[in-house]
Each structure stands twice: as C-alpha cells, then as structure tokens.
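First the structure, in the form of structure tokens, and then the observations on it.
Reckoned from all heavy atoms, side chains included, excluding hydrogens, waters and symmetry mates. The chain is numbered in sequence order, starting from 1.
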Amino acid sequence: MENKNDNNLPGILILSHGALCEGLLGSAKMIYGDFDGVKAMPFYDGSDIRAYGEDVMRLYGEMPEGSIILFDLFCGTPFNQVLERCARKKIFGLCGVNLSILLEALNLRESMRGQELIEALAETGRESLVDVKSFFEFN
C-alpha cells in the first residue's frame, strides 16, 4: 500500500487498557507503511485516571475536525474518561478496535471523517469477525 502522509486527514486516537493500542499501531505500520496523525494512548494499572482523561481530551482536541477515537472496550476506563468529558466536545468514537478496523480507518479517512467514518468502521468490524470453521465448511 502507498504511504499516506497528509496533515489534513482526520486524526485517529487509539485508547486501550495496557499496551494493546501501541501494539495495534505498530502492526498497522508493519502492514500499511508510514502514516501521520495516529496516536496511541495506553492506560496502565496504577495510572492517574483523571490525568489520563484530561490528556486524552487535550490530544483529541488538537486533532483536525472529524477525527475519531477507537476504544478497546465499551465502558472501560478509557471510554469512561472520555464520556465524562465529551459534553464539552463533540467526539466520534467506536468501541472494540481491532487491526482490521484500524487499517480500514487509515484507508477511509482520505474520503470520510466523523460519523460517516465511524459507521463505515462499524461495518468493517462486523465483517472482520469470521468463524473459521464455518468458512471452511462453506468453501
């Protein structure tokens, strides 16, 4: 795939418990190549929850309009910290990030942003879950 480096693209902020978000980012770079505007913010056990939430919102606020947040879990600490603060800022987010979703976000952010991008990624998430046994039985 061609490298994408464009500061006008919507940003992608990946939030997770532990280093999952950093691992996804590293794997995406291995497959996709270099790209800008994507940040990973892990939440580690023992971290200051409030400071983490403030840092997340500060970083998201610095991203271009239409940027998205990809969370590891619905109602986990990263999600809850954003939820507490999102009344002050409109956010576009999706819970349940995986590598397929991140790679698709990198591709689609050239033509989509905000809620339109989130809706397309939700569909990608549904399609990325494959029952391998059923796949082999069908083929």
(request) Answer yes or no: are there more than 12 heavy-atom neighbours, outside D45 itself, under 6.0 Å from its atom CG? (result) no

(request) Give a yes or no on whether F79 and M63 share a hydrophobic cluster (residues Ile, Leu, Val, Met, Phe, Trp, Tyr; joining criterion: side-chain heavy atoms under 4.5 Å apart). (result) yes

(request) To the nearest 0.5 Å, tell me how far L15 CG sits from M41 CE. (result) 7.0 Å

(message) To the nearest 0.5 Å, what is the distance between CZ on F71 and OG on S16?
(response) 11.5 Å

(request) Please report the shortest heavy-atom distance between P10 and G66, naming the atom on each side. (result) CB-O, 3.4 Å

(request) Using the rule that two of Ile, Leu, Val, Met, Phe, Trp, Tyr join whenever any of their side-chain heavy atoms come within less than 4.5 Å, decide whether L83 and L73 are in one cluster. (result) no

(message) Against I14, only a single residue in I68, V38, L20, I69 fulfils side chain to side chain contact (heavy atoms under 4.5 Å, CB included); can you say which?
(response) V38

(message) Quick check for you: to the nearest 0.5 Å, what is the distance between T124 atom OG1 and E127 atom CD?
(response) 6.0 Å

(message) Under the rule for side-chain contact (heavy atoms from CB on, under 4.5 Å), what residues qualify as partners of S128, not counting sequence neighbours?
(response) N98, S100

(request) Give a yes or no answer on whether the side chain of S134 reaches the backbone of V130 with a donor-acceptor pair at less than 3.5 Å. (result) no

(message) As an exercise, state the distance from CG of N107 to CG of L102, rounded to the nearest 0.5 Å.
(response) 10.0 Å

(request) Answer yes or no: is there a donor N or O on one side and an acceptor on the other, between the side chain of S67 and the main chain of P64, under 3.5 Å? (result) yes

(request) Hey, could you give me the CE/CD distance between M57 and Q81, rounded to the nearest 0.5 Å? (result) 10.5 Å

(request) May I ask you to decide if G11's main-chain N or O and Y60's side chain share a donor-acceptor pair within less than 3.5 Å? (result) no

(message) I'd like to know if E62 and R58 make a salt bridge, using a cut-off of under 4.0 Å between side-chain N and carboxylate O.
(response) yes

(request) For residues 9-29, pull every pair meeting ring pair (Phe, Tyr, Trp, His ring centres under 6.0 Å), keeping only residues two or more places apart or in separate chains. (result) none

(request) Compare every heavy atom of L108 with every heavy atom of A120, then report the nearest pair and how far apart it is. (result) CB-CD1, 3.6 Å

